[in-house]
Structures are given as C-alpha cells and as structure tokens.
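Have a look at the structure below, then the notes.
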Amino acid sequence: MTAASIIGWAHTPFGKFDAETVEGLVVKVANEALADAGIAASDVDEIMLGHFNAGFSPQDFTASLVLQANPALRFKPTTRVENACATGSAAVHQGIRAIEAGAAKIVLVVGVEQMTKTPGPEIGKNLLKASYLPEDGDTVGGFAGVFGKIAQAYFQKYGDQSDALAMIAAKNHKNGVANPYAQMRKDFGFEFCRAESEKNPFVAGPLKRTDCSLVSDGAAALVLTDAETAKSMGKAVNIRATAHAQDFLPMSKRDILQFEGCTTAWQRALDKAGLQLSDLSFVETHDCFTVAELIEYEAMGLTPKGQGARAIMEGWTQKDGKLPVNPSGGLKAKGHPIGATGVSMHVMSAMQLTGQAPEGMQLKNAQIGGIFNMGGAAVANYVSILEPAK
C-alpha cells in the first residue's frame, strides 16, 4: 500500500462558465479542499497543479495561481504537472510520491481547465496536440477523428458495435442525472444514443455526438497526507496502490485495439494492492469516447479481447451490476475539463468510499474503488486503487 491518504476534497460543477477564469476556479477549489480537510494553508508542504492548457488559456504559467487562494501558501514548492488527458492523475500521483519520499506531509493537489472560451476549430486543434502530429496532425475531426479511426478499426475486426457504444453512452448519461457536478444531467436513453439524428449526428467514423465527451470548464482539488496522520483526521481514504505505464506516442508502433498501456497499469496496480479486478466495488474509467470505455473493459481484464460488448450488454457495468463503471456519469456526462478530470475521478471515488456521494449516485457498500485515467490514445495510463481508512 502507498503511504498516502486523501483527507479532503472539493469539486466545482463542470460546464460552460463564461464568467469564470482559470484563476478563479483554482482559488475556489483550493480553499474548499483545505477547509474540507480541516487543514490550514500554512500547514501545506507542497502543491501540485494539473493543467493541460495546450492553448486553451492565454495564461500558461499557472502553477503559482494556486498561491492566490491564501497568502500563507506563498513560497510553498508548487509544480504544474501535465500529461495530456491524464494530467489530473499525473498531479495526484506526483503528490503521492512527495509523501512517500518523505518530502512532504501535506500536499494540495488541484486540477483545472477552461476550454469553452476557445472557438470550436481551435478546440479540435488543441486536443489534437495529444496525438502524434507527424501521423495524426491532419486528422479530420481532431481527436474525435483519431478515436473515430480506432472505432472503425475495432468494427472491422470484431463487427459493428454500435449497439454497445449506444448502451455505454446511455448508461453514463443515466448515471450522470444523479451527479450534481455533472455538466449534462439528462437521461437520453438507448434509442436516442443509437440513432443518427439532427441532434445526434455522426462526428467521426462510426462515432456520433453521444459517443463523445463534453468540452468543459471546471476544477477539482484534494488534500493528501501520510497514512499515519490521516488516522487522526475527520475522514480518510487510503490510496492502496498506484501505477503509471507510458506507451509509445505513434499509434503505428503498437496495436491500438489492445490498449496495452492500460492493461499494464491495471496489472501493476492490482498486483501492488494484492487484489483481483473482481475485488473492486466500482471503477471510474476514462470514457473520452464510448469506444474507449469499450476497449478498456477488455484492457482491464473484465472480458476477453473483442468481447467488451458483453460487459455492457449483460449489465455487468451498470450501477447494480457486478462491476459498476462510471457511477458518476464519467467524462461522457460529467464533462472533461482536461486537467481536472483525473482529480475529479479521485474525488468522486473518495466520496463513494466514505458514503458521501450524492443521493442516487451512492453505491451500496462500496469498499474498494479503481480509477483509470488516460492521456492520448492509451499513451499515458494511470491507475489508482482506493479504499476507506480502517
């Protein structure tokens, strides 16, 4: 088990906030997370900020914006962490490492992104920077186009999976209704997600609008401490294991339908935790596109290769299934402000494990949670396994 525990957190709603700024979002969640943990700003030893940016914000030197939350944070070691769409988890894992190394006792981790002020074409261009530009730089549809190619290749190898993708979208939107932090709290149902329509057109390859996560603004934060200190706090969630597996950036150097980095990260984390996938109560996974969640079922070991559809078709990943996946609504309903996503996943999981998730989202008797956050097309792969402090 790692030496770190989560003792407090904060989360803004995700959505489109024209009146907000990156700085304002950061300050809000930093102060709220410290208050939630009962920790004074002066007691913070180190700060990690997860912020992807890539052109979304004119202000690109953002680590010190966290200090705006409280004058007592001045001169604290503060680092901006970035690893594409896995930026939030990268920041969390760096905070854990600081505690494990004995370099810090209290670490404040903040994740943030403001994307919606950027014009549509620029959003696509910014996100495409998380791909290998020599191969994918001219992809029509931006990052959605990259995953459209992946979906098309999967369909060609394993058959049309449109029903499964629509069921994943419908599941996550239904789950998001109970999440007050979610950007889209609407149960669209399978039929709407399955059918092409004016409101649900094809975006890239076989992917429709309901297959794609939302462009979002938002922030989340958490407070980490060592497991011994956590015992005296009001609440604590222990980080039982973490793993990070980085793969090649060019998709041409790997079998993109395998998500091998995801498999490796899951295997490493489960081995460290002394657990099997069946021991988990739920998983928050990176459904940037529905086809990603489908392949992740296989990569995490829930189904054999090419059979990911079984997990959704047979109800395994529903909230009342044998392994609920994305009870928060996932990126699909909750939104995907890049730098905030991984931190949000940890906050949502901590809420589940302490029985503090919102009514309707809370799972019964949640004992162990798994988190998978991915940067690029299965390039940066982070897994965390959490459990309540005993």
Side-chain angles (χ1 to χ4, degrees), residues 9-33 48-66 68-69 80-92 108-130 142-144 172-173 176-177 179-186 209-210 212-222 284 286-289 326 328-348 358 373 375:
W9 51 79
H11 200 298
T12 70
F14 286 175
K16 187 177 188 294
F17 304 119
D18 292 336
E20 272 292 3
T21 62
V22 168
E23 180 179 333
L25 291 165
V26 165
V27 167
K28 180 177 176 62
V29 292
N31 280 323
E32 289 182 357
M48 302 292 176
L49 174 68
H51 184 211
F52 172 65
N53 198 8
F56 289 114
S57 168
Q59 178 67 62
D60 196 42
F61 180 36
T62 48
S64 288
L65 292 183
V66 187
Q68 305 289 74
R80 172 180 161 189
V81 181
E82 188 279 318
N83 215 353
C85 301
T87 287
S89 282
V92 173
L108 172 63
V109 181
V110 178
V112 68
E113 211 74 56
Q114 184 161 43
M115 305 169 70
T116 67
K117 288 185 178 180
T118 303
E122 285 186 43
I123 291 174
K125 185 178 179 181
N126 290 351
L127 292 176
L128 199 57
K129 293 175 184 177
F143 213 60
N172 291 346
H173 277 297
V177 171
N179 185 353
Y181 304 102
Q183 181 171 353
M184 190 171 287
R185 301 178 65 188
K186 185 173 181 179
R209 184 174 289 165
T210 50
C212 307
S213 59
L214 300 159
V215 173
S216 306
D217 307 331
L222 51 82
E284 287 287 338
H286 194 96
D287 60 320
C288 50
F289 301 92
N326 287 332
S328 70
L331 286 57
K332 180 79 267 296
K334 181 158 57 79
H336 184 24
I338 308 294
T341 287
V343 183
S344 167
M345 289 172 147
H346 286 78
V347 170
M348 292 289 138
N373 188 198

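The chain is numbered in sequence order, starting from 1.
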Task: For the student: nearest non-hydrogen atoms of A10 and E32, plus distance - done: CB-CB, 3.5 Å

Open item on the list: Under the rule for ring pair (Phe, Tyr, Trp, His ring centres under 6.0 Å), what residues qualify as partners of F289, not counting sequence neighbours?
Closed with: F147

Task: Pairwise salt bridge (charged side-chain N to carboxylate O under 4.0 Å, His left out) hits with a residue in residues 110-127, at least two apart - done: none

Open item on the list: With a 3.5 Å distance limit and no angle check, can you tell me whether N172 reaches the backbone of A333 through a side-chain donor-acceptor pair?
Closed with: no

Open item on the list: Is it true that N179 and S328 share a donor-acceptor pair across their side chains at a distance under 3.5 Å?
Closed with: no

- [ ] Indicate the atoms forming the closest heavy-atom contact of G375 with A84, along with that distance.
- [x] CA-CB, 4.0 Å

TODO: For R185, check side-chain hydrogen bond (donor to acceptor under 3.5 Å, both in side chains) against everything at least two apart and list the hits.
DONE: none

- [ ] Using salt bridge (Lys or Arg N to Asp or Glu O under 4.0 Å) as the criterion, list what pairs up with K186, not counting sequence neighbours.
- [x] none

TODO: Just jot down the side-chain contact (heavy atoms from CB on, under 4.5 Å) partners of S213, sequence neighbours excluded, or say none.
DONE: C288, L331, H336

TODO: Quick one: pull up NE2 in H173 and NZ in K332 and give me the separation to the nearest 0.5 Å.
DONE: 3.0 Å

Task: Heavy-atom closest contact (L49 atom, A91 atom, distance) - done: C-CB, 4.3 Å

Task: Atom NZ of K28: over 12 foreign heavy atoms under 6.0 Å - done: no

Open item on the list: Working to the nearest 0.5 angstrom, can you tell me the gap between L214 CG and M115 CE?
Closed with: 10.0 Å

Open item on the list: Measuring only between side-chain heavy atoms, which start at C-beta, is P337 closer than 4.5 Å to D217?
Closed with: no

TODO: Taking all heavy atoms of G335 and all of S216, pick out the closest pair and write down the distance.
DONE: CA-OG, 3.2 Å

TODO: Quick one: list whatever passes side-chain hydrogen bond (donor to acceptor under 3.5 Å, both in side chains) with E23, sequence neighbours left out.
DONE: Q68

Open item on the list: How close do V110 and A221 get, counting heavy atoms only, and between which atoms?
Closed with: CG2-CB, 4.0 Å

- [ ] Go through the structure and list residues passing salt bridge (Lys or Arg N to Asp or Glu O under 4.0 Å) with E20, not counting sequence neighbours.
- [x] none

Task: Test side-chain contact (heavy atoms from CB on, under 4.5 Å) applied to L65 and V22, L25, V112, the passing residue - done: V22

Task: Atom of F17, atom of T116 and distance for their closest heavy-atom approach - done: N-OG1, 4.1 Å

Open item on the list: According to side-chain contact (heavy atoms from CB on, under 4.5 Å), who are the partners of I123, at least two apart in sequence or on a separate chain?
Closed with: F56, T118, L127, V215

Task: side-chain contact (heavy atoms from CB on, under 4.5 Å) partners of A86, counting only residues at least two apart - done: N373, A380, Y382

Open item on the list: Within the 4.5 Å heavy-atom criterion, are V92 and V343 side-chain neighbours or not?
Closed with: yes

TODO: List for me each residue that meets side-chain contact (heavy atoms from CB on, under 4.5 Å) alongside S344, sequence neighbours excluded, and say none if there are none.
DONE: H11, F14, A220, K334, M348

Task: Partners passing side-chain hydrogen bond (donor to acceptor under 3.5 Å, both in side chains) against D60 (at least two apart in sequence or in another chain) - done: N53, R80

Task: Results of side-chain hydrogen bond (donor to acceptor under 3.5 Å, both in side chains) for T12 - residues two or more places apart only - done: none

